[in-house]
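For reference, the structure is listed below as structure tokens.
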Number of protein chains: 2
Amino acid sequence: MSSPGSTPRRMRADARRNHDRLLAEARTVFEEQGAQASLELVARRAGVAIGTLYAHFPTRRALLGALLRERQDDVFALGDTLLTDQDPGAALASWMRAVTAHAAVYSGLADQLLGSLDDTSSELYGACKRMGAAGEALLGRAKAAGAVRQDVTADDVFALISAAAWLRDQLPPDRADRQLGLMIDGIAATAPARD
Amino acid sequence: MSSPGSTPRRMRADARRNHDRLLAEARTVFEEQGAQASLELVARRAGVAIGTLYAHFPTRRALLGALLRERQDDVFALGDTLLTDQDPGAALASWMRAVTAHAAVYSGLADQLLGSLDDTSSELYGACKRMGAAGEALLGRAKAAGAVRQDVTADDVFALISAAAWLRDQLPPDRADRQLGLMIDGIAATAPARD
DNA sequence: AGGCGAAAGCGAGGGGCCCTCGGGTTTGTC
DNA sequence: GACAAACCCGAGGGCCCCTCGCTTTCGCCT
């Protein structure tokens, strides 16, 4: 799974070791303190000089991007599965919930994601675009099935997901889920009238 | 309008002068750079030492709170007006739009607002609570009129407003407004079926 | 007018964090 | 082994937060 094959480029042994340590420590530090945690702390914990961290990941976003890449595969897999779901409306809703959860692994991540949208070269940019594309397919199906309003765009879905992810690290998680539910109802063709 | 009467405590002339200068510069700096702008810059622009800034406003939130207090009056006034509006559903929607705009004057403000919720002593906390109370009344009317789902709470409204405010400084403003519209539709008793 | 105590202002300084860069090490290869 | 390339190191410049002891200014009172 984590075989050296991801990049064709072969790294020197020490480089690869530091690279992996950095990723591992970054993951735990970001989990503990959120996506704006001190990079110097990450380097320290990884037993590596700060310059080495920057040599491997020139920017915080690059580091986050590397961290997210693995998890993303799961989300895309789910997306494919959902594309064949019998209920296109429910499928889109599930997708939105999954992506929201994914975009909220580290608190403060949503800001970084949205912030990377105008930075086309950013590591995170590509990820966001792919997400958008996957979501678009699900949205199309949901609209065709009449489950979702015709005037809703993929950008809307993306924005709502981001907002929900942001809420998730401001509020207790159950409340945040509830808000996402309300947003999902907002794009539905018919209100679920659950009052 | 800015007569000295706000606090019963009389300030020394130089104190009041610096206080006002700080507020004025803070306003423009936050407008230019967002709510996380450097406080040292604010002090510098106000022609005041950094210690003086902290003497007046012990925390960034205190400064933001002071800045927002004036604007808040407008929002509360609007709230009162809307309470007598003939269409309770539309009134709630207008109020949500107004509060969202208010909570997005400075980019990054939404984070500060939500962050101050557990800090009961914070300057911003009181403001948020008052907002919540005002919103609750409008929500009650909207529910009674059958314009809004019965299961929606004031906390929901508050959360959606916050999320919309956050979106507002991540996205072009018109897009953010659109998202808020979707959220508003989400809490409506019946989907507006505008597809 | 002048003096005095309290209120207010000042800004150096300790602590952090970000990021760069020149010089010292390690690795892998021949 | 030895050499060049790849890699690592960490001091240092820049910016920021916030505190605290010392100095200045204000405003009242004689």
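Lettering of chains follows the sequences in order, A, B, ..., and the numbering in each one begins at 1.
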Going by an N to O cut-off under 4.0 Å, is there a salt bridge joining [X] and [Y]?
X: B:Arg149; Y: A:Asp185; result: yes
X: B:Arg97; Y: B:Asp177; result: no
X: B:Glu70; Y: B:Arg27; result: yes

Whole angstrom value for the distance that separates [atom2] of [N] from [atom1] of [X]:
X: B:Tyr54; N: C:dG13; atom1: OH; atom2: P; value: 18 Å
X: B:Phe57; N: D:dT19; atom1: CZ; atom2: P; value: 16 Å
X: B:Asn18; N: D:dC26; atom1: CG; atom2: P; value: 10 Å
X: A:Leu53; N: C:dC17; atom1: CG; atom2: P; value: 13 Å
X: B:Ile50; N: D:dC20; atom1: CD1; atom2: P; value: 15 Å
X: A:Gln36; N: C:dC18; atom1: CD; atom2: C1'; value: 15 Å
X: A:Arg16; N: D:dA6; atom1: CZ; atom2: P; value: 17 Å

inquiry  = Atom CZ of residue position A:Arg71 - does it have more than 12 heavy atoms of other residues, nucleotides or ligands inside 6.0 Å?
reply    = no
Review point. For DNA chain D, which residues in residues 39-49 of chain B have a heavy atom at a distance below 4.0 Å?
Key: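 Output list: B:Leu39, B:Glu40, B:Arg44.
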Per the under-4.0 Å heavy-atom filter, residues of residues 24-33 of chain A near DNA chain D come out as none
For this session: Applying side chain to side chain donor-acceptor pair (under 3.5 Å), name anything that partners B:Asp85, two or more places apart in sequence or on another chain.
Result: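 Side chain to side chain donor-acceptor pair (under 3.5 Å) check on B:Asp85 returns nothing, list empty.
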Hits for side chain to side chain donor-acceptor pair (under 3.5 Å) against A:Glu32, two or more places apart or cross-chain, chain-then-number order -> A:Arg45
Holding to side-chain contact (heavy atoms from CB on, under 4.5 Å), I want the full list of residues that pass it with B:Thr59, two or more places apart in sequence or in another chain.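 Residues passing side-chain contact (heavy atoms from CB on, under 4.5 Å) with B:Thr59: B:Arg61, B:Ala62.
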Would one find a side-chain N or O of A:Ser38 under 4.0 angstrom from OP1 or OP2 of C:dG16?
no
With side chains defined as the heavy atoms from C-beta onward, is the minimum distance between B:Ile187 and B:Leu92 less than 4.5 Å?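 With C-beta onward as the side chain, the pair touches.
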For this session: For A:Ala55, report the nucleic acid contact type (base, sugar-phosphate, nothing); a contact means any heavy atom under 4.0 Å.
Result: nothing
Considering every strand and a 4.0 Å limit on heavy-atom distances, what is the contact class for A:His56: base, sugar-phosphate, or nothing?
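Sugar-phosphate only.
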Which of B:Val99, B:Thr153, B:Leu117 passes side chain to side chain contact (heavy atoms under 4.5 Å, CB included) with B:Phe158? It is B:Leu117
If you restrict it to nitrogen or oxygen atoms, what contacts under 3.5 Å exist between nucleotides 27-29 of chain C and the protein, and what is each distance?
residue: C:dT27; atom: O4'; partner: A:Arg12; partner atom: NE; Å: 3.2
residue: C:dG28; atom: OP1; partner: A:Ala13; partner atom: N; Å: 3.2

Q.
Between A:Tyr106 and A:Val29, does the side chain to side chain contact (heavy atoms under 4.5 Å, CB included) criterion hold? Intermediate values first, please.
A. CA-CA 9 Å; A:Tyr106 312 125; A:Val29 170; over 6 Å; no
First encountered from the 5' end of DNA chain D, between B:Gly51 and A:Thr52 =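 The residue whose closest nucleotide sits nearer the 5' end is A:Thr52.
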_Flag, side chain of A:Gln36 to backbone of A:Ser107, donor-acceptor distance under 3.5 Å_ = yes
